[in-house]
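Everything numeric in this text was worked out from a predicted model, so none of it was measured. Here is how names work: the chains are called A, B, and so on, in the same order as the sequence lines, proteins then strands, and each is numbered from 1.
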Amino acid sequence: MEEKSYRGGAAKGAPSSADEEADRRLGRRRRLSRPADFRLVFERGRRRAGRYLVLVRRAGEADESRAAFVAGKRTFRRAVDRARARRLLREAYRLQRGGMTGRWDMILIARRPILDVKRQAVEEELVRLAAGRGRTREKR
RNA sequence: GGAGGCCGUGCCGGCGCGCGGCGCGCGGGGACGGGAGGAAAGUCCGGACUCCGCAGGGCGGGACGCCCCGUGAAAACGGGGGCUUCUCCGGCCAUACCGGGGAAGACGGCAGUGCCACAGAAAACAAACCGCCCUUCCGGGUCGAACCCGCGAGGGGUAAGGGUGAAAAGGCGGUGUAAGAGACCACCGGGCCGCGCCGUAAGGCGGGCCGCACGGUAAACCCCGUCCGGAGCAAGGUCGAAUAGGAAACGAGAGGCUGCCCGCCUCGUGCCGGGGCGCCGUACGGCGCGGCCGGUGACGUUUCGGGUUGACCGCAAAGAUAAAUGACCGAGCCCGCCUUCGGGCGGGCAACAGAAUCCGGCUUAUGAGCUCCUCAA
RNA sequence: GCGGGCGUAGUUCAACGGUAGAACUCCAGCCUUCCAAGCUGGCCAUACGGGUUCGAUUCCCGUCGCCCGCU
């Protein structure tokens with residue numbers, strides 16, 4: 001996959017150029033929290049699947065983009081793995097959020113191979129999926 | 001090698017997350033404080049707490065179970081002692097028994113009941129298949145008898161030997177006998193005793209009696225003793241919103257059958273349906289007026305209770321509710337390789353694993369190191 | 001999170017503590033020109049680890065997996 005290993009801290013570690021003092025905070029306002037919101041995204045949203053995660057999103061209704069991070073109990077049996085997968089997704093989204101365009105409500109679903117890779121790889125795939133590349137699939 | 005206990009990575013930096021009180025000033029942002037475990041796990045026990053039930057008690061069901069001491073609210077845990085089983089060593093003819101070392105034990109019950117397949121003669125108030133012994137008959141050896149022989153037949157004795165089995169009714173030796181046998185004897189073992197001594201006790205030692213008549217299984221039914229009402233924080237409670245239906249009170253009642261209650265009838269009020277008139281509208285239809293016809297006690301307001309959804313409390317010196325405790329840079333430490341001895345490169349800083357009401361136990365998973373005890377060399 | 005139930009052939013179910021069976025499936029043979037049906041025979045299992053017992057699918061303990069209920 002990637003031949004040159006990125007070095008450098010979080011301040012300049014992102015592969016994109018979206019780090020000019022971006023707001024990297026991710027408070028409750030920027031997350032999905034109500035079951036009704038989840039139902040809307042799952043039923044009306046578009047899905048893009050990658051190797052480490054699945055991205056489901058639809059045009060957002062709030063002032064800012066909102067996201068949620070999901071690790072299913074079926075795919076990750078142990079609680080440690082669920083927490084690990086969800087934290088990877090959240091950290092990757094947090095660092096790359098500034099580089100994304102549009103206002104979306106999105107759900108990131110972790111897939112099993114995510115446990116074997118570092119945050120760097122998850123970020124790259126998230127950026128790729130959000131930009132519209134990769135396989136896409138319509139949902140309804 | 002075995003067993004137990006302790007600890008379960010630390011430092012700097014900026015980027016983030018959820019919580020608390022503080023002050024800005026109330027859309028949010030700021031500094032400070034604190035933020036995973038010994039198992040947070042499995043949910044196997046016990047409690048706190050909450051709701052339901054309850055005069056009192058029983059049945060059913062369940063948990064625990066040698067003795068003493070200690071800790072504890074209880075479950076449970078720790079220490080010491082006893083007994084049993086297994087194993088090793090020694091004694092011994094001996095797998096029987098005795099002595100010693102080690103390990104393990106869900107270790108109350110000489111009240112009753114059930115079960116013990118197959119094999120085997122017989123499996124629990126024993127039993128005779130082979131064998132052994134005695135005897136009768138038959139046949140033969142002989143003319144006959146004593147006596148001897150028989151893959152021969154019958155009757156009887158016998159638990160030493162064979163064989164079956166997880167287990168065969170005390171062990172070894174001797175006396176004895178037709179052959180044998182606790183039939184008898186010595187030693188060992190066992191059972192019973194309102195017996196003696198020692199011990200707080202479980203129990204131990206001794207004495208007397210019994211030739212021994214009392215197999216295993218209670219993680220089989222059961223009996224005895226102690227304890228247990230049920231459910232569980234998604235318990236339970238508070239507040240608000242929208243919607244349809246329920247209960248109570250009040251609002252409109254009057255008259256008659258009939259003096260009162262109930263009931264029935266008439267009129268009125270309310271509601272529903274159908275006509276009539278007016279207005280709006282292309283139409284479906286809507287609003288108002290009127291009180292013409294039919295039906296109904298059905299109506300309105302308030303309060304209460306139930307369901308749905310949301311927020312809060314319960315809830316904490318970690319504490320949420322799509323659920324925080326993370327990712328990264330650096331220094332340091334360790335390992336391997338190279339080295340021109342200045343250093344360079346690569347890898348690692350772990351294992352098991354992530355709190356959802358809390359606490360005490362049990363069980364299971366697991367890394368490096370430290371420490372203690374015991375055994376062997 | 002809290003509570004409850006169940007693990008037996010490939011599947012659906014049996015089995016007082018005493019050799020684990022049945023039906024369907026699968027395989028082979030017979031029958032048929034061939035297939036199906038039918039007939040005959042065969043293969044295949046007690047989730048795992050301990051304990052009690054002479055003996056465990058059954059009794060007891062632990063581990064693992066699956067299913068269900070409760071907002």
For [N], glycosidic torsion class - syn if within 90° of 0, otherwise anti:
{"N": "B/A106", "result": "anti"}
{"N": "B/G273", "result": "anti"}
{"N": "B/G348", "result": "anti"}
{"N": "B/G275", "result": "syn"}
{"N": "B/G38", "result": "syn"}

Choosing from [options], which nucleotide comes nearest the side chain of [X]?
{"X": "A/A79", "options": "B/C328, B/A355, B/C17", "answer": "B/A355"}
{"X": "A/A68", "options": "B/A322, B/C15, B/G354", "answer": "B/A322"}
{"X": "A/R77", "options": "B/A353, B/G16, C/C66", "answer": "C/C66"}
{"X": "A/R90", "options": "B/C17, B/G354, C/C66", "answer": "B/C17"}
{"X": "A/A83", "options": "B/C328, B/C17, B/G354", "answer": "B/G354"}

Are the side chain of [X] and the backbone N or O of [Y] linked by a donor-acceptor pair below 3.5 Å?
{"X": "A/R111", "Y": "A/G50", "result": "yes"}
{"X": "A/R30", "Y": "A/R25", "result": "yes"}
{"X": "A/R112", "Y": "A/T75", "result": "yes"}

Point to revise | N-O pairing of A/R58 and A/D105 below 4.0 Å | key: no
**Study point:** Face-to-face contact A/F69 to B/A322 six-ring, under 5.5 Å, under 30°
**Key:** no
Check your understanding: Counting a pair only when it is Watson-Crick or G-U and both distances are under 3.5 Å, which runs of at least 3 such pairs involve RNA chain C?
Key -> C:1-7 with C:64-70, C:10-13 with C:21-24, C:26-30 with C:38-42, C:47-51 with C:59-63
Which value, in whole Å, describes the distance between the [atom1] atoms of nucleotides [N] and [M]?
{"N": "C/G62", "M": "B/C64", "atom1": "P", "result": "10 Å"}
{"N": "B/A201", "M": "B/G80", "atom1": "C1'", "result": "13 Å"}
{"N": "C/C2", "M": "C/G10", "atom1": "P", "result": "36 Å"}
{"N": "B/G81", "M": "B/U374", "atom1": "P", "result": "15 Å"}
{"N": "B/C17", "M": "B/G42", "atom1": "P", "result": "31 Å"}
{"N": "B/G360", "M": "B/G38", "atom1": "P", "result": "10 Å"}
{"N": "B/A40", "M": "B/C362", "atom1": "P", "result": "11 Å"}
{"N": "B/G108", "M": "B/G203", "atom1": "C1'", "result": "16 Å"}

[X] [atom1] - [N] [atom2] separation (whole Å):
{"X": "A/R25", "N": "B/G30", "atom1": "CZ", "atom2": "C1'", "answer": "11 Å"}
{"X": "A/L95", "N": "B/G326", "atom1": "CG", "atom2": "P", "answer": "16 Å"}
{"X": "A/Y93", "N": "B/C15", "atom1": "OH", "atom2": "C1'", "answer": "17 Å"}
{"X": "A/R78", "N": "B/G42", "atom1": "CZ", "atom2": "C1'", "answer": "16 Å"}
{"X": "A/R119", "N": "B/C15", "atom1": "CZ", "atom2": "C1'", "answer": "10 Å"}
{"X": "A/I114", "N": "B/A327", "atom1": "CD1", "atom2": "P", "answer": "12 Å"}
{"X": "A/R82", "N": "B/A41", "atom1": "CZ", "atom2": "C1'", "answer": "12 Å"}
{"X": "A/L88", "N": "B/A324", "atom1": "CG", "atom2": "P", "answer": "14 Å"}

Check your understanding: Of A/R84 and A/R94, whose closest RNA chain B nucleotide lies nearer the 5' terminus?
Key -> A/R94
Study note, to complete from the structure: Heavy-atom nearest nucleotide on RNA chain B taken for A/V80 and for A/E91; more 5' hit belongs to A/E91
Can you tell me the pairing partner of [N] across any strand shown, Watson-Crick or G-U wobble, with both distances under 3.5 angstrom?
{"N": "B/U85", "result": "B/A103"}
{"N": "B/A249", "result": "B/U301"}
{"N": "B/A48", "result": "B/U357"}
{"N": "B/A327", "result": "none"}
{"N": "B/G276", "result": "B/C289"}
{"N": "B/C77", "result": "B/G70"}
{"N": "B/C129", "result": "B/G162"}
{"N": "B/C222", "result": "B/G109"}

Would a 4.5 Å heavy-atom cut-off, applied to side chains only, mark [X] and [Y] as touching?
{"X": "A/L55", "Y": "A/L108", "answer": "yes"}
{"X": "A/E91", "Y": "A/E123", "answer": "no"}
{"X": "A/I114", "Y": "A/L89", "answer": "yes"}

Revision key, fill the gap. To the nearest 0.5 Å, atom CD1 of A/I107 lies from atom CZ of A/F38 at 5.0 Å
Review point. Which residue, A/R44, A/M106, A/R66, A/R47, forms the side-chain contact (heavy atoms from CB on, under 4.5 Å) with A/R57?
Key: A/M106
Exercise for review: Check whether the side chain of A/R87 and the base of B/G354 form a donor-acceptor pair under 3.5 Å.
Suggested key: yes
Check your understanding: Looking only at side-chain N and O atoms, does A/R86 come under 4.0 Å of OP1 or OP2 in B/A323?
Key -> no
Review point. Would you say B/C17 has OP1 or OP2 under 4.0 Å from some side-chain N or O of A/R31?
Key: no
**Study point:** Counterpart residues, side-chain contact (heavy atoms from CB on, under 4.5 Å), relative to A/E125 (two or more places apart)
**Key:** A/R51, A/Y52, A/L53, A/R128, A/L129
Exercise for review: Give one of base, sugar-phosphate or nothing for A/R29, where a contact means two heavy atoms less than 4.0 Å apart.
Suggested key: sugar-phosphate
Revision key, fill the gap. Result for side-chain hydrogen bond (donor to acceptor under 3.5 Å, both in side chains) between A/D81 and one of A/R84, A/R77, A/R78 points to A/R78
